[in-house]
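Structure, as structure tokens:
What you see is a predicted model; the values in this text were computed from it and never measured. One-based numbering, in listed order, for ligands and for the atoms of each.
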Amino acid sequence: LPELPEVETVARQLRSEIRDRTIERVSIVDNLLQFPARHTKTLRGARIREVSRFGKQVALEVHRPGEATHWLLVHLRMTGRLMWFAADGPAPGYRSQPRARLHLSGGELWFSDTRRFGTFTLTTNLQDHKKWQLDPILDKLTPRGLSLQLADSQQEIKAWLLRQDRLVGIGNIYASEILYNAGLHPQRTAASLEHEEIGRLCSAIRKVLQAAIRHCGTTFSDFQDSRGEVGGYQRFLKVYQRQSEACGRCGGEILRIVQQQRSTFFCADCQG
Ligand SMILES: [Zn+2]
């Protein structure tokens with residue numbers, strides 16, 4: 001499941017490839033995408049002014065002279081991929097069937113998605129779609145801002161980190177890594193964290209996510225970036241899927257527990 005660093009990676013790579021290109025036409029191949037014909041019409045002839053990450057979605061900011069700016073939001077969900085093919089489209093023998101094709105000046109952008117949970121949304125108002133309090137990278141996370149968010153929650157901190165309405169973009173992989181980096185036990189209650197611990201959590205969130213972005217994300221099953229390459233951060237994971245291995249910090253055993261039906265990995269000695 002792509003988390004913030006993987007979506008950021010896709011947006012950054014696409015930015016260098018498709019920014020300033022014109023959308024000549026859009027073909028929706030899979031009707032399950034439920035992207036109405038009037039939207040494909042709106043996109044026709046529009047120039048892509050910017051490509052960025054909006055929460056866990058890729059946002060294409062598009063503009064047609066004399067009209068309101070629109071954003072095409074692409075939610076990759078579990079298996080969605082945006083692939084850029086310059087000039088003549090994919091090489092012969094390329095097997096993935098796209099759910100949608102954007103014919104751009106100088107190439108094609110394909111949206112492939114084997115599980116078909118991904119979505120396209122067209123909007124003139126991004127703020128209507130912002131369902132979270134803080135973006136851990138874009139919103140200049142501070143211990144003060146974070147403590148305001150944590151203060152009223154009796155949830156376990158691991159579960160709290162996964163909430164998309166508070167901090168957007170952190171999923172199961174990075175939640176374990178962040179708590180290890182911060183030296184916090186995953187079953188601590190959010191509201192119980194002390195000032196100094198929140199400081200550690202805050203810098204761990206930034207450190208782990210930024211390092212993952214530098215390495216183009218983590219690949220376990222399906223994630224590929226817009227060039228069909230896999231991320232490199234899995235080599236740097238300290239606890240995720242390393243149960244019964246030795247902790248790199250203290251040599252203790254890395255444990256796996258289940259919280260909310262999902263695995264959490266941690267070192268009981270370092271995260272006491
Ligand atoms: Zn340890």
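For Gln261, there are no side-chain contact (heavy atoms from CB on, under 4.5 Å) partners two or more places apart in sequence or in a different chain. Residues satisfying the side-chain hydrogen bond (donor to acceptor under 3.5 Å, both in side chains) criterion with Asp30, sequence neighbours excluded, are Arg99, Arg116.
Among residues at least two apart or in separate chains, side chain to side chain donor-acceptor pair (under 3.5 Å) pairs with a member in residues 130-152 are Arg53-Asp135.
The pair Glu50-Arg15 meets the salt-bridge criterion, with a side-chain N (NZ, NE, NH1 or NH2) lying under 4.0 Å from an Asp/Glu carboxylate O.
Of the residues Glu197, Lys158, Glu156, the one that meets the side-chain contact (heavy atoms from CB on, under 4.5 Å) test with Arg188 is Glu197.
Atoms of the protein (N, O or S only) found under 2.8 Å from the Zn ion (ligand 1) are Cys247 SG, Cys250 SG, Cys267 SG, Cys270 SG.
Aromatic ring centres of Tyr174 and Tyr240 lie farther apart than the 6.0 Å criterion allows.
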